[in-house]
Number of protein chains: 2
Amino acid sequence: MPALKIGDLATRTGTNAPTIRYYEEIGLVPRADRQDGGQRRYGDEDVKRLTLIRRCREFGFPIEQVRSLVTLAEEPGRSCLEARDLAQEHLAAVRAKLRELKALERSLARFVESCETACAGGPGPDCTILGDLATPSSQARTVSEAGQTARRLRARR
Amino acid sequence: MPALKIGDLATRTGTNAPTIRYYEEIGLVPRADRQDGGQRRYGDEDVKRLTLIRRCREFGFPIEQVRSLVTLAEEPGRSCLEARDLAQEHLAAVRAKLRELKALERSLARFVESCETACAGGPGPDCTILGDLATPSSQARTVSEAGQTARRLRARR
DNA sequence: TCTTGAACCTCAAGTTACTTGAAGTCCTAT
DNA sequence: ATAGGACTTCAAGTAACTTGAGGTTCAAGA
């Protein structure tokens, strides 16, 4: 039986302890069991839940949206189709973010590479290649659409 | 010649206008040229810079770190190798995030699919499959490493 | 068994990065 | 020429933590 302290849970999920206490305070995670001295103890389920929460939060999904996703996990009575729809919307948003992040990766990789070749032996005259870093890359619409999606998702509770 | 108003720049980059003004105020973007009436006008370069900034910000890179990356673009005198190193560190962080985001995508896709099959025709008895959503997936260390990387990057400057 | 120091506790205040509101000015289309 | 939508500044508000103060608990070594 794994009885984790708050610090253990923190390191396992890449969170810091005060953040976990904060999540408890705002009711994003249930109140943890306390030991005699009042210290919080956690189990496997807590690790899973917090991992999901942190992943979502790291990618900008607002707390209220994450909340609806995780409470969905703890309400078995809820309509399965409703749950699926919510998860699917979330998934679409994640995929949009994946595209954006890949674009960012390409930009940076291209920049690093051009640095590599252009100024191989020291400072070159025009290492201002950053000019073509972050080309809107036909994503002008995609970016704003992603924004709209996020806003739409946020709107629903 | 494209002379964009702040609203145009905003829609093209998925930002809202007040945020652009805020970025100007804190000096993350240069002060924009003004028209006779005092309204801001923007060009292609501004679209590029703001696109980069927003992409970075959307993925949690703190402003000061983004600042060092974009000022790097406007300081041709700076050491090319230093620039490359900074970009490379940033790139590594982006790739770590990509892995995390893919894990999140898989979790959600798996959940949606199991919803699909399990409760095909309505609410099933145990649509609490969310239990295996967000498995730490051997990423326990990766998550915290990513956190450390972020913190390290934040620390410099 | 005692003790000591790291890790925990609560509560309050501070920080980052925006967002929203008020009150007024500009500009373009009818 | 005028109505209304987009712009202006400045101030205050919000989300999601983070940090600090001041004190308690607990596991490990003497």
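Order of the sequence lines sets the chain letters (A, B, ...), proteins ahead of strands, with each chain counted from 1.
A straight line from CD1 of B/Ile53 to P of C/dC18 spans 10 Å, rounded to a whole angstrom. Taking atom CG on B/Asp36 and atom P on C/dT28, their separation rounds to 11 Å, with Å as the unit. Note: CD (A/Glu25) to P (C/dA13) measures 14 Å, nearest angstrom. Counting to the nearest Å, the C1' atom of D/dA16 and the CD1 atom of A/Ile63 are 6 Å from each other. The CZ-P distance, from B/Phe61 to C/dT16, rounds to 19 Å in whole Å. Rounded to whole Å, atom C1' of D/dA6 lies 15 Å from atom CG of B/Leu4. A/Arg54 places its CZ atom 11 Å from the P atom of D/dA16, with the value rounded to the nearest Å. The separation between A/Leu9 atom CG and C/dC9 atom P is 11 Å, rounded to whole Å.
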Q.
For a side chain to side chain contact (heavy atoms under 4.5 Å, CB included) check, start with the C-alpha distance between A/Ile53 and A/Val29, then their side-chain angles and the critical distance, and finish with the verdict.
A. CA-CA 9 Å; A/Ile53 290 173; A/Val29 300; 3.7 Å; yes

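Distances shown here put every side-chain N or O of B/Thr19 at or beyond 4.0 Å from the OP1 or OP2 atom of C/dA17. Taking 4.0 angstrom as the limit, A/Asn16 places a side-chain polar atom (N or O) nearer than this to OP1 or OP2 of D/dT18. Listed pair A/Arg57 / D/dC17 meets the phosphate criterion, a side-chain N or O lying under 4.0 Å from OP1 or OP2. At the phosphate of C/dC9, neither OP1 nor OP2 sits under 4.0 Å from any side-chain N or O atom of A/Gln35.
For A/Arg67, the salt bridge (Lys or Arg N to Asp or Glu O under 4.0 Å) test picks out A/Glu64, with sequence neighbours left out. Partners of A/Asp33 by side chain to side chain contact (heavy atoms under 4.5 Å, CB included), not counting sequence neighbours: none found. With sequence neighbours excluded, the residues that form a salt bridge (Lys or Arg N to Asp or Glu O under 4.0 Å) with A/Arg95 are B/Glu105. Remark: B/Glu24 engages B/Arg34, B/Arg40 in a side chain to side chain donor-acceptor pair (under 3.5 Å) (not counting sequence neighbours). Residues meeting the side chain to side chain contact (heavy atoms under 4.5 Å, CB included) test with B/Ala17, sequence neighbours left out: B/Ile6, B/Arg21.
Of the candidates D/dC17, C/dC27, C/dC18, D/dC17 carries the atom nearest the A/Tyr23 side chain, counting heavy atoms from C-beta on. Here the nucleotide nearest the side chain of A/Pro18, chosen from D/dT18, D/dA27, D/dC17, is D/dT18. In this structure, the nucleotide among C/dC27, D/dT18, C/dC9 sitting nearest to the side chain of A/Tyr22 is D/dT18. Of the candidates C/dC8, D/dC17, C/dC18, C/dC8 carries the atom nearest the A/Lys5 side chain, counting heavy atoms from C-beta on.
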What's touching nucleotides 10-12 of chain C from the protein side, N or O pairs under 3.5 Å?
unit_1, atom_1, unit_2, atom_2, d
C/dT10, OP1, A/Arg34, NH1, 3.3
C/dT10, OP2, A/Arg40, NH1, 3.0
C/dT10, OP2, A/Arg40, NH2, 2.8

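Here the options are B/Lys97, B/Arg55, B/Arg57, B/Arg54, the test is salt bridge (Lys or Arg N to Asp or Glu O under 4.0 Å), and the partner is A/Glu100; only B/Arg55 passes.
B/Ile6 comes within 4.0 angstrom of sugar-phosphate atoms only, judged by non-hydrogen atoms across all strands, and of no base.
Position along DNA chain D of the nearest nucleotide to A/Arg41 versus B/Arg41 favours B/Arg41 as the more 5'-ward residue.
The side-chain heavy atoms of B/Phe111 and A/Leu91, taken from C-beta on, include no pair separated by under 4.5 Å.
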